[in-house]
Undergrad: 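Below: one structure in structure tokens.
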Amino acid sequence: MKITILTIFPHFFDQFLDSSIVKRAIAKGVVSFEIVNIRDYSLDKNHRVDDHPIGGGAGLVMRLEPLVSCLRDHSDEKTHKIFMGPRGKTFTQEDAIRLSKMEEILLVCGHYEGVDSRFLDYVDEELSIGDFILTGGEIPAMAISDSITRLLKGAISDDSTKEESFDNNLLEYDQYTYPLEFEGKRIPDILFCGNHEAVNEYRHRESLRITMERRPDLIEKMFYTRKDYEYIQSLRKGEQEETRKEKEALEKGRRFVPER
């Protein structure tokens, strides 16, 4: 996949491209990035790309000509063009999956008080990363690029993306590692029972519980079984019980948990 980013602050992305999973994915040839300076397309001798808003108002607005010229010079029919703006659709994991299947995407970073609104006719969609205001689209562009890159085949191990937050609109269950106990906080015994089916059931129920507590809006969007529905109702009533499978696993499981 190729990701092109149009920005007036190209150096903003230097560390992003030279760190962690993104850096390794680039080295493996999984993804390539092109960071383009919009100022290079300015018609102004001082490379300005903004002007005062027509009709008055505070701040400055990015001009149409350099944006369109830059966009045309770095995209074609197969390029999916996205403008990063606060009025756009809120970016979700579903969008990350959708975009990760494309061959080439281009992200345009707005700045100042925004862009000349006519520019939106030249892109395929507008995306936002949340209901808050940033100084520019660079941080959203990095967030979206990161979320897409990690989904690409070969970027990270397949196991790492199998069960994550927002799969089926559920938040991920709690994760633990050693030590077994720290300042009175102990890892749940069920995770040491040796019964993978019981552990998976416990984790699924924990995902339901955590989603109910923190993002109840997501429950309305998910597909769930009758067993899930009954458990959700018990959570709403404040009645939580271990399942038969979990109880049996704990009774038959390991009596001693290895310390490290």
Side-chain angles (χ1 to χ4, degrees), residues 1-23 25-27 29-91 95-96 99 102-149:
M1 165 181 270
K2 180 180 179 182
I3 299 177
T4 302
I5 300 175
L6 310 188
T7 174
I8 59 174
F9 296 108
H11 296 304
F12 206 93
F13 295 88
D14 290 349
Q15 190 170 358
F16 171 70
L17 299 179
D18 196 39
S19 303
S20 189
I21 290 170
V22 172
K23 179 181 180 179
I26 294 171
V30 172
V31 65
S32 65
F33 282 85
E34 182 180 11
I35 311 300
V36 182
N37 191 344
I38 298 171
R39 292 187 190 278
D40 292 341
Y41 291 82
S42 173
L43 302 178
D44 183 87
K45 65 179 181 179
N46 295 316
H47 301 290
R48 285 190 59 181
V49 293
D50 55 10
D51 208 335
H52 297 286
I54 300 296
L60 297 166
V61 177
M62 293 184 73
R63 293 177 61 94
L64 190 61
E65 309 99 305
L67 282 169
V68 173
S69 296
C70 187
L71 182 78
R72 285 176 171 164
D73 213 17
H74 294 276
S75 63
D76 54 31
E77 316 80 51
K78 69 176 183 294
T79 308
H80 188 74
K81 297 171 279 292
I82 304 165
F83 174 66
M84 311 305 308
R87 298 191 306 182
K89 172 188 176 295
T90 301
F91 182 76
D95 293 311
L99 295 174
M102 296 182 178
E103 183 179 341
E104 185 174 328
I105 65 170
L106 180 147
L107 305 174
V108 183
C109 303
H111 220 76
Y112 307 118
E113 288 299 307
V115 302
D116 186 311
S117 292
R118 291 170 291 179
F119 178 66
L120 299 180
D121 293 336
Y122 295 87
V123 298
D124 298 303
E125 63 179 315
E126 181 177 358
L127 291 177
S128 166
I129 61 169
D131 296 334
F132 50 89
I133 305 300
L134 295 168
T135 56
E138 284 75 20
I139 290 175
M142 284 192 287
I144 288 176
S145 297
D146 183 272
S147 66
I148 292 171
T149 298

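Since the model is a prediction, treat every value here as computed from it, not as a measurement.
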Undergrad: Could you work out, with salt bridge (Lys or Arg N to Asp or Glu O under 4.0 Å) as the rule, every residue matching E125, not counting sequence neighbours?
TA: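 Salt bridge (Lys or Arg N to Asp or Glu O under 4.0 Å) check on E125 returns R98.
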Undergrad: For A141 and M84, which heavy atoms make the closest approach, and how far apart are they?
TA: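 So the minimum-distance heavy-atom pair works out to N-CE, 4.2 Å.
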Undergrad: Do I35 and L17 have side chains that approach each other closer than 4.5 Å (heavy atoms only, starting at C-beta)?
TA: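 Yes, close enough: below the 4.5 Å cut-off.
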Undergrad: How many angstroms lie between atom OH of Y41 and atom SG of C70, to the nearest 0.5 angstrom?
TA: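 Nearest 0.5 Å value for the OH-SG distance: 5.0 Å.
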Undergrad: Measure the shortest side-chain to side-chain distance between V22 and S145 over non-hydrogen atoms and say whether it is less than 4.5 angstrom.
TA: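 With C-beta onward as the side chain, the pair stays apart.
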Undergrad: Is there a side chain to side chain contact (heavy atoms under 4.5 Å, CB included) between F12 and T7? Walk through the geometry before answering.
TA: CA-CA 9 Å; F12 206 93; T7 174; 5.6 Å; no
Undergrad: Return the minimal non-hydrogen interatomic distance between G59 and H52, and the atom names on each side.
TA: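 Smallest heavy-atom distance, with atoms named: O-ND1, 4.3 Å.
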Undergrad: If I take atom CD from residue E113 and atom CE from residue M62, how far apart are they, to the nearest 0.5 angstrom?
TA: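 Output value for this atom pair is 12.5 Å.
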Undergrad: State, to 0.1 Å, how close D116 and V61 come at their nearest heavy-atom pair, and which atoms those are.
TA: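 So the minimum-distance heavy-atom pair works out to N-CG1, 3.4 Å.
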Undergrad: If every non-hydrogen atom of G88 is compared with every non-hydrogen atom of S128, which pair is closest and at what distance?
TA: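 Answer, listing the atom of G88 first, then S128: O-CB, 3.7 Å.
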Undergrad: Evaluate the side chain to side chain contact (heavy atoms under 4.5 Å, CB included) criterion for residues L106 and V36: first the C-alpha distance (whole Å), next the side-chain angles of each, then the deciding distance (0.1 Å), finally the verdict.
TA: CA-CA 10 Å; L106 180 147; V36 182; over 6 Å; no
Undergrad: State the CD1-CZ distance between I144 and F91, to the nearest 0.5 angstrom.
TA: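 Rounded to the nearest 0.5 Å, the CD1-CZ separation comes out at 5.0 Å.
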Undergrad: Can you sort out the partners of D51 under salt bridge (Lys or Arg N to Asp or Glu O under 4.0 Å), two or more places apart, ordered by chain and number?
TA: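 Listed in chain order: R63.
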Undergrad: Determine the interplanar angle of the F119 and Y122 rings, folded into 0 to 90°, and report it as parallel if under 30°, tilted if 30 to 60°, perpendicular if over 60°.
TA: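 Parallel.
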Undergrad: Quick one: list whatever passes ring pair (Phe, Tyr, Trp, His ring centres under 6.0 Å) with Y112, sequence neighbours left out.
TA: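 Ring pair (Phe, Tyr, Trp, His ring centres under 6.0 Å) check on Y112 returns nothing, list empty.
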Undergrad: Just by modelled atom types, is the G137 backbone N or O under 3.5 Å from a matching donor or acceptor in the H111 side chain?
TA: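 It does not hold such a pair.
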Undergrad: Nearest 0.5 Å, what's the CG-CG distance between L6 and L71?
TA: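 Separation between the atoms: 6.0 Å.
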Undergrad: Output the distance between atom CG (D124) and atom CZ (F83), rounded to the nearest 0.5 Å.
TA: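 CZ of F83 is found 14.0 Å from CG of D124.
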Undergrad: Please report the shortest heavy-atom distance between H74 and E104, naming the atom on each side.
TA: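 Smallest interatomic distance, heavy atoms only, reads O-OE2, 4.2 Å.
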Undergrad: May I have the step-by-step check of side chain to side chain contact (heavy atoms under 4.5 Å, CB included) for E34 and I5, ending in yes or no?
TA: CA-CA 6 Å; E34 182 180 11; I5 300 175; over 6 Å; no
Undergrad: Got a second to check how far D95's CG is from S147's OG, nearest 0.5 Å?
TA: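 If we round to the nearest 0.5 Å, D95:CG and S147:OG are 9.0 Å apart.
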Undergrad: Where the side chain of T149 meets the backbone of D146, is there a donor-acceptor pair that is under 3.5 Å apart?
TA: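 Absent.
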Undergrad: Backbone N or O of D76 within a donor-acceptor pair of the T79 side chain at under 3.5 Å?
TA: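 Judged by distance alone, yes, a pair lies under 3.5 Å.
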Undergrad: Donor-acceptor pair, distance only, cut-off 3.5 Å: does the side chain of S42 make one with the backbone of R48?
TA: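 Yes; at least one donor-acceptor contact below 3.5 Å.
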Undergrad: Find out whether F16 and F33 are in side-chain contact, i.e. whether some heavy atom of one side chain is under 4.5 Å from a heavy atom of the other.
TA: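 Yes, their side chains come closer than 4.5 Å.
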Undergrad: Measure across E138 and I8 and return the closest heavy-atom pair with its distance rounded to 0.1 Å.
TA: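 Heavy atoms only, the tightest pair is OE2-N, 4.1 Å.
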Undergrad: Quick check: do L99 and I82 have side-chain heavy atoms less than 4.5 Å from each other?
TA: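 In contact.
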Undergrad: Distance-only, no hydrogens or angles: does the D44 side chain make a donor-acceptor pair with backbone N or O of N46 under 3.5 Å?
TA: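 Yes, the answer is positive, given that a donor and an acceptor are paired below the 3.5 Å cut-off.
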